[in-house]
Amino acid sequence: MASGFPITSFEVDPLAAPFADWRARGHVALIPYVTAGYPDPGATADLLDRLAAAGADVIELGVPFSDPVADGPTIQRASQRALEHGVALPWVLDQLAAFRRRHATPVVLFTYLNPVLAMGVDQFVEAAAEAGAQGVLLTDLPVGSDPELEAAFERAPLALVRLVAPTTPAERAREIAARAQGFIYYISRTGVTGARAELPPELAAEVEALREVTSVPVAVGFGISSPEHAAAVARVADGVVVGSAVIDAIDRGGPEAMQRFIASLRRAIDER
Amino acid sequence: METSTKAVTSPADRTGRFGAFGGRFVPETLIAALDELSAAYEQARQDPAFWAELDTLLRDYVGRPTPLYLARRLGEAAGVRVYLKREDLNHTGAHKINNTLGQVLLARRMGKRRIIAETGAGQHGVATATVCALFGLECVVYMGAEDVRRQALNVYRMRLLGADVRAVESGTRTLKDATNEALRDWVASVRTTHYIIGSVVGPDPFPRLVRDFQSVIGRETRQQLQTLEARLPAAVLACVGGGSNAMGMFHEFVREPSVQLVGVEAAGEGLDSGRHAASLTAGRPGVLHGSYSYLLQDEMGQIAPAHSVSAGLDYPGVGPEHAHLMASGRAQYVAVTDEEALDAFERLARLEGIIPALESAHAVAYLLREGRRWADAGPVVLCLSGRGDKDVAEVAALRSRS
């Protein structure tokens, strides 16, 4: 198999096998994001089911944080609303556990460090794996920021998904790739999350450059808001992450509109 | 006396830690910029021309050294011999400009033409707008909408100086949210923009860099007291929000075990009321705005709203080096209420003819309450970090209500 994964990573990286399989089949992963508890806690189970039904390969489940500095207005607002409803990490893990009894679709928890630190890192990784999470993405834990803390996530049976930005120098990208689990999340633009009308023209070249330094799967996110964007990204990447545009779809027409939007992304990716 | 802004040591280690605290917990997009800033600072520190330019500006533009003033009537009231380090007499009216001048010189070395900043009371915003005017740089200041209302005078000053002041409507609409918004701007604009953070907070290298630029306060204090009394102070006191004037005063004395270091936080409506800004006295460690330090937060790790009558202290975090100084037992952190600070604001005006910033009034309040503990050990030095003109309207409104 040409996936390039060291065998040991399968033990602690539950996303390695699915991505290797997808790559072998030429299938590009659709990775939508929703904020847990948005627009209200009662909606989450249905939204997750619909994401799975509409063809999500991996779901990013956002654990809301009060001060999301990597997020633009859409996800800020969704997070704030969820927090106003009393949404907290233990509740999100309960929702995930219930979803896992219904679906096998892998889930990556997307959050910031502080809610995890408040629970305790060891307790968190155990509870998250127990609930059925395959990965965790912490926007404020860049590679090298805290070796001890990073190691605690890396040796847990969860993929610690790392990000690479357009501002990341090549040498550092190599360092990140060497430690990457699951997939590398390539940030399509220098900025915060949020739907944008256009993809950056240099995106394809940047993803190609990243591929030259790693065989780890690369998913691209930030600003992807239409089937056309998704298809364009799918031509160069292993995965397409869509976040704010999913929240926008929920705002526009509720769960049905979201499901239709996800299905349209799925089609566009598969027919690219 | 020289202002002597010499290159100073940085005890933060290679990963920017002060003991367990500090670090760089930021989105990946910012890492390259923080590396660039660290490298530029390292180069500047070793370049005598950099410090010579900064020294000249601090002397001729800011008016340093600031006086160390023996406050006799305040001392009688507090039961201790007390000197005020008059940072309120700096150009723009507070200690903030010591840092903004240093950072704007760094921004110029890095070739960045756009400057952003966050501000609470507006003092840092004014100090940033001032140095941007001085060097002809574009300036954007983020300020919580609530603070825009409380500090209308400073908003006008910033606009007069050519800054684009953006009111931040998210979250609690105060300093925390202004900092979030400045960070979001920086994530998007990092290639052309330098973020002049206003306190000893944020990701490495900011806490040590801001401390180094503020450490002129303690260095001058030491020399001045040496000249006046040929001794070290028994204690130095300063208010602590993010903690930049306190770190600026403490840094010179950290290695002098005979000098007590006392930081005064805002207890707001009381530590038991849940409405305060005392991160060290009543918070728990966590990560906010790029560093690991003490925070006000709930059990689930969500950041709790801070409260203080003083906009500059109204922040739920604190600089990581303060967390380390507390954890190691080297410094002591205490808190005084809004009410005590308001009383001290008025008492210093009447005792000394000096109207302090409400932030600085917290340190004055603690001195008035507890100064007798140094009656035999004195003198003590209190960092009067800023002037109170900006607060007069707000205090008048508060006093007419009660």
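Keep in mind it's a predicted model, so treat the numbers as computed, not measured. Proteins come first, then strands; the chains are lettered A, B, ... in the order of their sequence lines, and each starts at number 1.
- Contact annotation for R172(A): only side-chain heavy atoms (C-beta onward) come within less than 4.5 Å of a heavy atom of chain B.
- Between I250(A) and V34(A), the closest heavy-atom pair is CD1-CG1, 4.2 Å.
- Within a 6.0 Å radius of CD in E130(A), other residues, nucleotides and ligands contribute 12 heavy atoms or fewer.
- In this structure, the portion of E299(B) lying under 4.5 Å from any heavy atom of chain A is its backbone and not its side chain.
- Looking at P68(A), both its backbone and its side chain come within 4.5 Å of chain B, counting heavy atoms on both sides.
- L113(A) places none of its side-chain heavy atoms less than 4.5 Å from the side chain of Y292(B).
- Annotation: maximal heavy-atom pairing with chain A below 4.5 Å, among P203(B), A32(B), G23(B), P27(B), occurs at P27(B).
- For Y112(A) and F25(B), the gap between ring centers reaches or exceeds 6.0 Å.
- Interface remark: P73(A) contributes no atoms to any contact with chain B (heavy atom separation under 4.5 Å).
- Of all the listed residues (T167(A), I176(A), L89(A), T168(A)), the one sharing the greatest number of non-hydrogen pairs under 4.5 Å with chain B is T167(A).
- Contact of S145(A) with chain B is made through backbone and side chain together, with heavy-atom distances under 4.5 Å.
- Neither the backbone nor the side chain of V116(A) comes within contact range of chain B; no heavy atoms are under 4.5 Å apart.
- In this structure, Q76(A) and V192(A) have side chains that are not in contact, with every pair of non-hydrogen atoms separated by 4.5 Å or more.
- When all heavy atoms are compared, the tightest approach of E118(B) to S199(B) is OE2-N, 4.5 Å.
- A salt bridge is defined here as a Lys NZ or Arg NE, NH1 or NH2 lying under 4.0 Å from an Asp or Glu carboxylate O, and E181(B) with R184(B) meets this definition.
- Neither the backbone nor the side chain of L138(A) comes within less than 4.5 Å of any heavy atom of chain B.
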Subject >> Verdict with supporting geometry, N114(A) and L295(B), side-chain contact (heavy atoms from CB on, under 4.5 Å) >> reply: CA-CA 10 Å; N114(A) 208 49; L295(B) 307 176; 4.0 Å; yes
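- Heavy atoms closer than 4.5 Å to chain A are found in the side chain of I31(B), but not in its backbone.
- Most heavy-atom pairs under 4.5 Å with chain A, from the set G301(B), A304(B), A33(B): that is G301(B).
- Only the side chain of P169(A) has a heavy atom closer than 4.5 Å to any heavy atom of chain B.
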